[in-house]
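Below is one structure, written out as structure tokens; comments come after it.
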Amino acid sequence: MNELETLRHSCAHVLATAILKLWPEAQFAAGPPIATGFYYDVDLAHRITPEDFECLEKEMRKIVEAAQPFERQVVSREEALAMGQRGALASLGERSMPSRFKVDIIEHIPENETITLYRNGEFTDLCAGPHVADTSKIGAFRLTHVASAYYKGDEKNPQLQRIYGTAFATQEELEAYFQMLEEAKKRDHRKLGKELQLFTFDEDVGPGLPLWLPKGAVLIEELEKLAKETEFQAGYQRVRTPHIARDTLYKTSGHLPYYAESMFPPMELEEKEGGEKTVYYLKAMNCPHHHKLFAALPRSYRDLPLRFAEHGTCYRYEQSGELMGLMRVRCMQMNDAHIYCTEEQFASEFQAVNEMYLKYFKIFGVERYQMRFSTHDPAKLGQKFVDDPILWKKTEDMVRDVLVKSGINFVEIPNEAAFYGPKIDVQVWSAIGREFTLATNQVDFAVPPRFGLTYTNSENKKETPLCIHRAPLGTHERFIGFLIEHFAGNFPVWLAPEQVRILPISDKLTSYAQTILSELRAQDVRATADLSSEKIGAKIRAAQIEKVPYMVIVGNREEAAGQLSLRSHSKGDEGSFTKENFYHRLQEEIKTRK
RNA sequence: GCCGACGUAGCACAGUGGUAGUGCAGCUGAUUCGUAAUCAGCAGGUCAGGGGUUCGAAUCCCCUCGUCGGCUCCA
């Protein structure tokens, strides 16, 4: 635990102390520090609401001012349990009810571990520590929100109230944090998406099913253009597959019934005699379709690696409570591709995929990223993971090797792999430091054999290929959600839905404005002209608010000289340009995706 | 799916038992203007939907739908 985490964890104890002052019967579970502060889970008949915060914070402040020292005490398991039974853990003294969550926690502490208690004032808690020296060291804190959480995160356990707060060493840092949150709110893709008319949702269409307005559709098309160029250069071939498939496909892939609850319910057609039904599913992933394309023709080792790419549309029945703007949807279009290769080709193919990720990060100005390399747990072979220890080891070693050699920033997480092979999730941080899980990259050695995929090797023997699933741009939905927040809606010119707006100073300039408009459109520039009778200041204001990267202002002077006056969204007035110079600059910026 | 909060015009919000309001956006007209808001007029709502309590409901109660904050899950 670092210094800040220690401080925040101590603050959680102070929160618990304050809650007990008001509701002595409260039962506490866990109260750890988290990335944004801390929380404490509490079971309490009274529903704590934000209206209670003022009162709680007042109590907390008293405790902080009292500078109560945190005292550590080592106790035996028996002693700890006995105290828990007397209700003396996470409490201000003995109570008639046992401290039941704490007792449960003690029972799950491994035999060889020391059990410690921490006391501040009258409050004693079961806690591994560490803590700050005394409560006055906590600095600045604030309670932020309440939510519910299952005990130990398990749906079968009781739901507790989770009180969230945050704490910093100084008041200034606390205020800076809330200012950052305000900034984040302004950039929220749901808010900007509405304001910039990028996408919408409609009750009659359904939750989690975004409708893309023309401006949002431009973003999608530009991303696809980028992906198509990049993938073409990297030797991918484009394929297209239907949005539905029969249940037999998913039986072969192993997704049914394993994945069934994440899929939309099946469509059952009463077609055959004897009442046997033909069943179709909306596809939740593209891999099985692509595997069928691999199987469609006899394949030789000379054909490998074979790289099938498609912006495949997938449907997943996400739980209603999980849906969140564009970040979590039920209909998504993936920047998907499957690479079929031999074991010998694996390392270089995997390396090339990683390089593609890095190329994209550079284009979008993603400076902070991390790859989470998820591996299997040997104890769960045959249950959570396909039972093939040799291939697990082999593929994991290959992936780790590539990651280490290419100097990519990664962490290894055991027990998180996909059931068919190790996977890599890509976390990126937006310009204001918000974290997103954007893309995935998985090795699959289990499903190709299920589909009986083979190629003929140089010795005329059948062999099963390895498959790499990769989606560097994730899904359109989530990636665009990320880009909106990353750029705060100020998209670079190549991506901007409206690239140039022409603003004539008066009606007399309409025809010159239209000349420029048609010249720009002839060069595939997404331009419009504001021919309203507003004054120039109002037109500029509108264009600024709509975040149009370039404004072209034309008056009598410009018309006479065949020039234009340029104003950029970010830099303001840039002065006079000849039309040709401006067009050249624009084309250059669009082409290089600057 | 679960717990909690919320849902008033395209958007941002006011209205807490007695005739639905403000600002921006929109439409019409006037204005023809040089780098972030010209003026005037008009129009726009089954107060998410349904049921109930009441002489009377945006307001109180119940159900459904949706959104938000979390939990679990994931691109």
Side-chain angles (χ1 to χ4, degrees), chain A residues 34 39 41 47-51 144-164 188 190-191 194-195 197 200-208 259 261-262 284-286 312 314 316-330 332-336 416 418 423 425-427 436-442 469-479 481-482 503-510 531-546 551-558 565-569 571-575:
Chain A
I34 51 173
Y39 66 78
D41 282 346
R47 286 251 155 240
I48 296 177
T49 67
E51 281 89 77
T144 53
H145 57 290
V146 212
S148 80
Y150 299 103
Y151 178 56
K152 290 187 173 170
D154 190 332
E155 294 188 283
K156 290 178 221 81
N157 286 336
Q159 273 198 326
L160 307 172
Q161 301 187 61
R162 179 168 291 181
I163 320 296
Y164 285 88
D188 189 305
R190 291 166 292 191
K191 180 175 147 70
K194 202 178 266 183
E195 287 172 2
Q197 300 179 8
T200 186
F201 288 91
D202 186 283
E203 276 193 34
D204 287 329
V205 175
Y259 202 75
E261 68 180 45
S262 302
M285 64 289 298
N286 303 303
C314 297
R316 294 186 188 170
Y317 192 74
E318 302 291 353
Q319 294 186 9
S320 59
E322 300 305 307
L323 302 174
M324 206 285 256
L326 289 179
M327 289 303 168
R328 202 63 187 282
V329 294
R330 284 180 172 163
M332 69 212 85
Q333 231 181 320
M334 296 175 73
N335 167 233
D336 214 355
E416 292 279 311
K423 79 171 178 182
D425 288 315
V426 182
Q427 316 276 121
F436 295 81
T437 301
L438 265 199
T440 187
N441 190 359
Q442 304 170 355
H469 305 237
R470 44 107 284 175
L473 298 178
T475 62
H476 284 329
E477 290 71 20
R478 194 175 281 186
F479 201 81
F482 163 74
L503 312 178
I505 285 187
S506 81
D507 294 3
K508 300 185 189 88
L509 281 305
T510 298
L531 302 179
S532 68
S533 61
E534 291 295 337
K535 301 207 296 197
I536 194 66
K539 291 185 185 185
I540 287 171
R541 185 178 138 85
Q544 284 287 143
I545 289 170
E546 289 169 49
M551 283 155 265
V552 162
I553 296 163
V554 290
N556 289 323
R557 296 203 294 268
E558 285 76 13
S565 170
L566 186 66
R567 182 185 164 101
S568 77
H569 180 268
K571 294 188 200 130
D573 192 352
E574 295 204 31

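To find a chain, count down the sequence lines: A is the first, B the second, and so on, and within it residues start at 1. Only a predicted model underlies this, so the values are computations on that prediction, with no experimental measurement involved.
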Main-chain N/O of A/M327 paired to A/R478 side chain as donor or acceptor, under 3.5 Å: yes
B/A75 OP1/OP2 closer than 4.0 Å to side-chain N/O of A/K423: yes
Nearest-angstrom distance, C1' atom, B/G26 to B/C63: 37 Å
For nucleotides 31-33 of chain B, which of its nitrogen or oxygen atoms have a protein nitrogen or oxygen under 3.5 Å away, and what is each distance?
unit_1: B/U31; atom_1: O4; unit_2: A/S533; atom_2: OG; d: 3.0
unit_1: B/U32; atom_1: O2'; unit_2: A/K508; atom_2: NZ; d: 2.6
unit_1: B/U32; atom_1: O2; unit_2: A/D507; atom_2: N; d: 2.9
unit_1: B/U32; atom_1: O2; unit_2: A/D507; atom_2: OD1; d: 3.4
unit_1: B/U32; atom_1: N3; unit_2: A/D507; atom_2: OD1; d: 2.7
unit_1: B/U32; atom_1: N3; unit_2: A/D507; atom_2: OD2; d: 2.8
unit_1: B/U32; atom_1: O4; unit_2: A/D507; atom_2: OD2; d: 2.5
unit_1: B/C33; atom_1: N4; unit_2: A/S533; atom_2: O; d: 2.5

Approximate separation, where rounding is to 0.5 Å, of A/T144 OG1 and A/Y39 OH: 13.0 Å
Neighbour count >12 (heavy atoms, 6.0 Å) for atom OH, A/Y317: no
Under 3.5 Å: donor-acceptor pair, side chain of A/Q442, backbone of A/A418: no
Min side-chain heavy-atom separation A/L566-A/V552 under 4.5 Å: yes
Touch class at under 4.0 angstrom, heavy-atom based, for A/E558 against every strand present: base
Touch class at under 4.0 angstrom, heavy-atom based, for A/R557 against every strand present: base
hbond_proxy A/Q159 side chain to B/C2 base (donor-acceptor, 3.5 Å cutoff): yes
Side chain A/E203 and base B/G49 donor-acceptor under 3.5 Å: no
B/G44 to B/A20 separation - C1' atoms, rounded to the nearest Å: 13 Å
Side-chain donor/acceptor contact of A/Y150 with base of B/G1 under 3.5 Å: yes
Any A/R316 side-chain N or O less than 4.0 Å from OP1/OP2 of B/C74: no
For A/E534, all residues meeting side chain to side chain donor-acceptor pair (under 3.5 Å), sequence neighbours excluded: none
Given B/G1, B/A75, B/G34, the nucleotide with the shortest approach to the side chain of A/S565: B/G34
Touch class at under 4.0 angstrom, heavy-atom based, for A/E195 against every strand present: nothing
A/H469 side-chain N/O to A/N441 backbone N/O, donor-acceptor pair under 3.5 Å: no
Sugar-phosphate only, base, or nothing, as touched by A/R567 at under 4.0 Å among non-hydrogen atoms: base
Pairing partner (Watson-Crick or G-U wobble, both distances under 3.5 angstrom) of B/C60: B/G52
B/G69 OP1/OP2 closer than 4.0 Å to side-chain N/O of A/R190: yes
